[in-house]
Protein chains: 2
Amino acid sequence: MFHDMGSMGAESGTQAIERAAQLLVRVVEAPQPPSIGELSARAGLPKSTTSRLVGALERQGLVQRLGARGRLRPGPVLLRYASRDASQALAALAQPSLRRLADESGETINLAVPGPDGVEHLAQEDTAHFVGVTDWVGRRVPFELAANGKCFLAFGGGEVEEGDLIRSRGYATSIDELEVGLSALAAPVLGADGAAVSALSISGPTARLTAERIDELAPLLKDEAATLTRRLRGAA
Amino acid sequence: MFHDMGSMGAESGTQAIERAAQLLVRVVEAPQPPSIGELSARAGLPKSTTSRLVGALERQGLVQRLGARGRLRPGPVLLRYASRDASQALAALAQPSLRRLADESGETINLAVPGPDGVEHLAQEDTAHFVGVTDWVGRRVPFELAANGKCFLAFGGGEVEEGDLIRSRGYATSIDELEVGLSALAAPVLGADGAAVSALSISGPTARLTAERIDELAPLLKDEAATLTRRLRGAA
DNA sequence: CCCATGGATCCCATATCGTGGAACATGCGT
DNA sequence: ACGCATGTTCCACGATATGGGATCCATGGG
């Protein structure tokens with residue numbers, strides 16, 4: 001009887017849960033609903049064990065079956081969670097990125113998504129500057145005037161005049177447009193279909209965010225946006 | 001030594017997983033991040049056991065701690081899932097409602113959410129009628145012209161002329177507005193803040209969807225929308 | 001129609017793994 | 001600095017998960 005224990009940094013007294021949790025993760029991450037057999041193969045567990053574990057998860061509503069004996073999908077509990085707290089979840093995921101950008105740039109960082117009537121701000125990370133930006137969370141701003149709004153237009157639905165420039169550079173700017181003395185740059189976080197699902201932006205007084213400062217900050221911003229894009233799709 | 005086993009329809013050979021899964025569900029459903037102590041109390045488990053189980057869940061990324069020793073939030077795996085598949089999840093949750101409405105009304109049912117440039121259709125359930133509606137999934141429609149769009153305006157952001165009527169009746173209609181010969185009625189699915197997060201609609205040829213037919217179908221539609229609203233928030 | 005086929009579930013003896021009380025950390029409030 | 005409240009680690013015990021094989025159930029082919 002083998003006890004490989006090899007692949008994971010396994011703690012003791014949790015074999016069953018560790019396994020079950022792993023199965024749940026696989027179901028949630030899988031691009032296509034797996035069957036019991038596939039799961040057991042991929043996880044390297046006996047079918048009987050897999051069946052039992054999945055049964056328990058199903059009883060708690062964490063997993064669901066397509067038919068009576070069908071493939072596995074995330075259960076009602078997870079469906080509800082996703083429908084309810086999607087934007088909250090995005091904000092939580094992006095939080096580290098916001099923090100990093102705030103520290104590195106010293107300016108105010110925002111996470112936004114496209115909404116029915118304009119850009120919707122989900123989260124903001126401030127810095128200790130006296131001349132800063134007020135809290136934008138919850139506020140809506142027209143797409144055409146904001147840097148992040150332009151991202152949504154350029155990478156997705158609509159059109160902007162600067163569209164080509166924005167797409168080729170990978171980020172958008174808004175200088176004294178939304179308000180005189182207020183500037184910003186924004187980079188898109190892309191979804192599976194290549195459209196922008198959200199955007200990260202750096203904003204501050206035009207006095208500090210000069211053209212050259214923007215050039216300097218752009219790579220950082222794009223990098224962080226790309227990181228988030230990756231984190232949303234792939235594993236890790 | 002107690003083995004109550006009483007509260008659940010417990011199957012055998014899954015105590016640990018059943019418990020761990022229950023803990024995970026509590027974390028996901030909790031309006032506020034619970035602490036280990038709270039969890040162990042609510043679940044009726046010893047603190048030591050709870051700690052161990054949560055540890056395993058954390059190792060798989062299903063759960064996350066605020067600080068080193070802090071309160072519990074959904075983990076990165078779930079955050080990613082929610083951010084990625086939110087609308088898919090909503091569609092899956094609504095699916096039974098769509099099916100029921102389609103069967104009871106004999107018309108085409110749609111689930112839609114408000115998007116940046118109009119109403120976005122997530123899912124559709126058809127019936128066997130010859131004169132039906134084409135597939136709307138993925139298509140965008142201006143808010144002011146569609147019944148579901150009017151719901152979003154009346155219960156949430158914007159304004160419509162019929163706003164008061166819609167709010168008092170609890171549903172909106174669109175007769176020959178989007179297209180001559182096409183009519184629809186729609187009821188909102190409300191979020192925690194009372195705004196419409198999505199809408200269910202019944203649409204069909206004006207010839208079939210007469211004023212009285214609409215009066216007849218409205219209660220069904222409102223009822224199903226209310227059910228969905230409840231299912232999104234509360235348990236079960 | 002009936003028998004292969006492949007997959008999922010059930011069964012049950014075995015010993016591995018989870019259990020929980022108590023002791024030990026850790027951090028917060030005063 | 002000293003409790004107090006909250007979380008973690010330890011460990012002997014035995015309840016509980018394990019997995020090979022039998023069973024069951026849908027399919028589809030002969």
Side-chain angles (χ1 to χ4, degrees), chain A residues 1-27 30 32-60 62-73 75, chain B residues 1-24 26-27 30 32-60 62-75:
Chain A
M1 222 157 279
F2 279 44
H3 296 273
D4 56 41
M5 198 121 293
S7 53
M8 287 258 33
E11 297 297 313
S12 73
T14 25
Q15 189 195 62
I17 294 141
E18 213 96 38
R19 287 173 165 184
Q22 200 153 123
L23 291 177
L24 179 56
V25 171
R26 278 180 204 278
V27 170
Q32 307 227 323
S35 68
I36 296 270
E38 283 163 17
L39 270 186
S40 73
R42 294 220 181 295
L45 296 174
K47 279 195 306 181
S48 67
T49 301
T50 306
S51 176
R52 195 156 24 83
L53 299 182
V54 167
L57 293 177
E58 189 181 8
R59 245 168 275 129
Q60 302 298 324
L62 289 170
V63 163
Q64 209 176 5
R65 314 183 87 116
L66 233 5
R69 210 147 286 206
R71 322 198 130 233
L72 297 163
R73 290 186 337 177
Chain B
M1 222 157 280
F2 278 46
H3 296 273
D4 55 42
M5 196 123 294
S7 53
M8 287 257 34
E11 297 299 312
S12 74
T14 25
Q15 189 195 63
I17 294 143
E18 212 96 37
R19 286 172 167 187
Q22 199 154 126
L23 292 177
L24 178 56
R26 279 180 202 279
V27 169
Q32 307 228 322
S35 68
I36 295 273
E38 284 163 18
L39 270 186
S40 72
R42 294 221 183 295
L45 297 176
K47 279 193 308 178
S48 67
T49 300
T50 306
S51 177
R52 195 158 23 82
L53 298 182
V54 168
L57 293 177
E58 189 181 8
R59 245 169 273 128
Q60 302 297 326
L62 289 170
V63 163
Q64 209 176 5
R65 314 185 87 118
L66 232 8
R69 207 145 292 199
R71 317 195 134 235
L72 296 164
R73 289 187 338 178

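Keep in mind that the numbers below use all heavy atoms, side chains included, and drop hydrogens, waters and symmetry copies. Note on naming: letters A, B, ... go to the chains in the order of the sequence lines (proteins, then strands), and numbering restarts at 1 for each one.
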Select one nucleotide: of [options], the one nearest the side-chain heavy atoms of [X].
X       : options               : answer
B/Gln15 : C/dG7, C/dG18, D/dG19 : C/dG18
A/Pro46 : D/dT8, C/dT19, D/dG20 : D/dG20
A/Thr49 : D/dT8, D/dG19, C/dG18 : D/dG19

Can you see which heavy atom on [X] is nearest to which on [Y], and at what distance?
X       : Y       : answer
A/Arg71 : A/Ser35 : NH1-N, 4.0 Å
B/Leu66 : B/Arg73 : CD1-CD, 3.9 Å
B/Ala21 : A/Gln60 : CB-CG, 3.4 Å

Figure out the [atom1]/[atom2] separation between [X] and [N], and round it to whole Å.
X       : N      : atom1 : atom2 : result
B/Glu18 : D/dA15 : CD    : C1'   : 16 Å
A/Leu23 : D/dA17 : CG    : P     : 15 Å
B/Leu72 : D/dT6  : CG    : P     : 14 Å
B/Lys47 : D/dT8  : NZ    : P     : 10 Å
B/Leu53 : C/dC17 : CG    : C1'   : 13 Å
B/Ile36 : C/dT26 : CD1   : C1'   : 14 Å
A/Arg65 : D/dA26 : CZ    : C1'   : 14 Å
A/Leu45 : C/dA8  : CG    : C1'   : 15 Å

Practice prompt. Please round to the nearest 0.5 Å and tell me the distance separating atom CG of B/Leu24 and atom CG of A/Leu57.
Written response: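 Reported value, rounded in 0.5 Å steps: 9.0 Å.
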
Worksheet item: Ignoring hydrogens and angles, are the base of D/dG20 and the side chain of A/Ser48 linked by a donor-acceptor pair under 3.5 Å?
Response: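 Pair found.
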
[X] vs [N]: side-chain N/O to OP1/OP2 distance below 4.0 Å:
X       : N      : answer
B/Ser35 : D/dG7  : yes
B/Arg19 : C/dT19 : yes
A/Ser51 : C/dT9  : yes

Discussion item. Any heavy-atom pair between the side chains of A/Glu38 and A/Arg26 that's under 4.5 Å?
Written reply: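 A/Arg26 does not reach A/Glu38 side chain to side chain.
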
Item to complete: Starting from the 5' end of DNA chain D, give me the residue, A/Arg69 or A/Ile17, whose nearest nucleotide shows up first.
Response: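 Nearest-nucleotide comparison on DNA chain D picks A/Ile17.
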
